[in-house]
Protein chains: 2
Amino acid sequence: MGDGGRGPLDDILGLRIRLAHGAVQRHFAEHCAHLGLTQKQVSVLWLAHDAPGIAQTDLARTLQMDRATTMAIVHALEKRGLLERERAGADARRIGFHLTQDGEQLLRAAKAAIDGHEAWLRAHFTAREVQTLARLLERIYG
Amino acid sequence: MGDGGRGPLDDILGLRIRLAHGAVQRHFAEHCAHLGLTQKQVSVLWLAHDAPGIAQTDLARTLQMDRATTMAIVHALEKRGLLERERAGADARRIGFHLTQDGEQLLRAAKAAIDGHEAWLRAHFTAREVQTLARLLERIYG
DNA sequence: ATTATCTGTACGTGCTACTTACAAATCACG
DNA sequence: CGTGATTTGTAAGTAGCACGTACAGATAAT
């Protein structure tokens with residue numbers, strides 16, 4: 001039998017990634033439930049903070065999401081008054097996003113919560129292993 | 001800036017896992033579309049083949065899914081005639097699952113498709129790195 | 001025998017992702 | 001300059017997956 005009790009299925013690397021992802025998602029949902037934000041939503045807020053005026057297309061590409069998916073997330077954040085849009089200068093058809101004050105405040109709270117979440121995740125590894133894991137994972141999506 | 005163009009977000013290990021998972025899912029969906037099966041469905045078929053008579057609860061625990069989620073997957077497979085249930089001997093309340101002939105046949109096709117999918121995934125790494133990655137990932141969910 | 005627990009079932013909700021389609025603005029080329 | 005191609009934003013529909021909850025039947029515990 002395999003090392004995880006799943007038999008030959010344990011040899012499927014894709015399954016391991018899926019299980020790890022599920023575990024991280026579950027922990028995030030528990031640990032960060034008070035924010036009322038999903039992982040994706042936090043990512044979008046974070047990016048909009050770091051790069052004010054970013055467009056939907058940039059968000060989608062950076063987070064490797066579909067445009068339609070990105071729209072759904074952005075709409076939800078706008079509806080909650082965390083994100084605003086502005087027709088920005090040079091390119092008239094481009095609409096940039098930036099955080100509202102509420103958005104900035106919630107993002108700060110989110111970063112604090114994620115610090116704890118990431119600490120839990122990293123606690124499974126040594127600092128060197130974290131580097132290795134990050135490097136290997138990047139090869140898949142990078 | 002970070003190494004992936006996401007700025008400080010690149011330091012979030014959870015995001016890396018999420019992006020890697022997404023990339024794997026997308027490749028699976030493309031590469032295995034002809035099966036008409038999702039990753040989860042293949043996993044359930046695979047387990048039911050390896051352990052005939054397995055119960056819903058076992059499936060849920062092994063794949064770390066909710067019972068309700070497991071039910072949805074099992075129902076879909078039953079409806080397609082790939083999976084059957086039987087009231088098995090000793091424990092009268094327990095219902096075991098096993099593959100039909102169609103199920104066995106489709107699972108063989110799925111395994112062939114997944115061979116290709118896994119080959120693509122593993123091609124990002126050396127054999128040693130695959131071992132390392134598998135070992136590190138298991139610490140998260142194991 | 002009455003609870004408590006486990007298992008199977010069923011329903012509803014929410015997030016994410018994809019496809020497809022359409023409107024508006026811009027850009028490129030003739 | 002104007003027509004078509006491209007980009008961008010928008011919208012609707014479908015699907016998978018996860019979770020919560022509630023309920024029924026069988027078994028187990030007291």
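Here is the naming used below: chain letters follow the sequence lines, and residue numbers restart at 1 for every chain. The structure displayed is predicted, hence computed values, not measured ones.
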Item to complete: Please check the phosphate of C/dG8 (OP1 and OP2 only) for any side-chain N or O of B/T57 closer than 4.0 Å.
Response: yes
Worksheet item: Please give, in whole Å, the distance from D/dA15 C1' to B/L37 CG?
Response: 15 Å
Worksheet item: Is any side-chain heavy atom of B/V42 less than 4.5 Å from a side-chain heavy atom of B/I114?
Response: yes
Worksheet, complete the sentence: Of A/Q39 and B/E78, the one whose closest nucleotide on DNA chain C sits nearer the 5' end is B/E78
Discussion item. Under the salt bridge (charged side-chain N to carboxylate O under 4.0 Å, His left out) definition, can you give me all pairs with a residue in residues 110-128 of chain A, not counting sequence neighbours?
Written reply: A/E118-A/R122
Discussion item. If you assign each of A/A72 and B/R85 to its closest nucleotide in DNA chain C, which residue comes earlier from the 5' end?
Written reply: B/R85
Worksheet entry | Protein-nucleotide distance (A/E84, atom CD; D/dG9, atom C1'), rounded to Å | 18 Å
Practice prompt. Find the distance A/Q25:CD to D/dG16:P and express it as a whole number of Å.
Written response: 18 Å
Return the polar atom pairs (N/O with N/O) between nucleotides 18-23 of chain D and the protein under 3.5 Å, or none.
from, atom 1, to, atom 2, distance (Å)
D/dA18, OP1, B/K40, NZ, 2.2
D/dA18, OP2, B/K40, NZ, 3.0

Fill in: Spatial distance of atom NZ (B/K40) from atom CE (B/M65) [nearest 0.5 Å]
5.5 Å
Worksheet item: Mind checking what makes ring pair (Phe, Tyr, Trp, His ring centres under 6.0 Å) contact with A/H124, not counting sequence neighbours?
Response: A/W120
Worksheet entry | Under-4.0 Å side-chain N/O to phosphate OP1/OP2 contact, A/Q56 with D/dT10 | yes
Practice prompt. Check DNA chain D against residues 105-121 of chain A and give the residues with a non-hydrogen atom under 4.0 Å, in numerical order.
Written response: none
Discussion item. Nearest whole Å is fine: how far is C/dC18 P from B/H27 NE2?
Written reply: 14 Å
Worksheet entry | side chain to side chain donor-acceptor pair (under 3.5 Å) partners for A/Q56, two or more places apart | none
Worksheet item: With sequence neighbours left out, what residues match A/F28 under ring pair (Phe, Tyr, Trp, His ring centres under 6.0 Å)?
Response: A/H117
Worksheet item: Taking CD1 from A/I95 and P from D/dT7, how many angstroms apart are they, rounded to a whole number?
Response: 18 Å
Worksheet item: Rounded to the nearest Å, what distance is computed from the CE atom of residue A/M71 to the P atom of nucleotide C/dC18?
Response: 16 Å
Worksheet, complete the sentence: Sorted by chain and residue number, the side chain to side chain donor-acceptor pair (under 3.5 Å) partners of A/R80 (sequence neighbours excluded) come out as none
Worksheet item: D/dA15 C1' sits how many Å from B/R80 CZ, rounded?
Response: 14 Å
Fill in: Spacing of B/L35 atom CG relative to D/dG16 atom P, expressed in whole Å
14 Å
Discussion item. My understanding is that only residues two or more places apart in sequence, or in another chain, count here; which of them pass side chain to side chain donor-acceptor pair (under 3.5 Å) with B/H21?
Written reply: A/H21
Worksheet item: Can you list every salt bridge (charged side-chain N to carboxylate O under 4.0 Å, His left out) pair that touches residues 53-76 of chain B, not counting sequence neighbours?
Response: B/D58-B/R61, B/D58-B/R94
Worksheet entry | Sugar-phosphate only, base, or nothing, as touched by B/A55 at under 4.0 Å among non-hydrogen atoms | sugar-phosphate
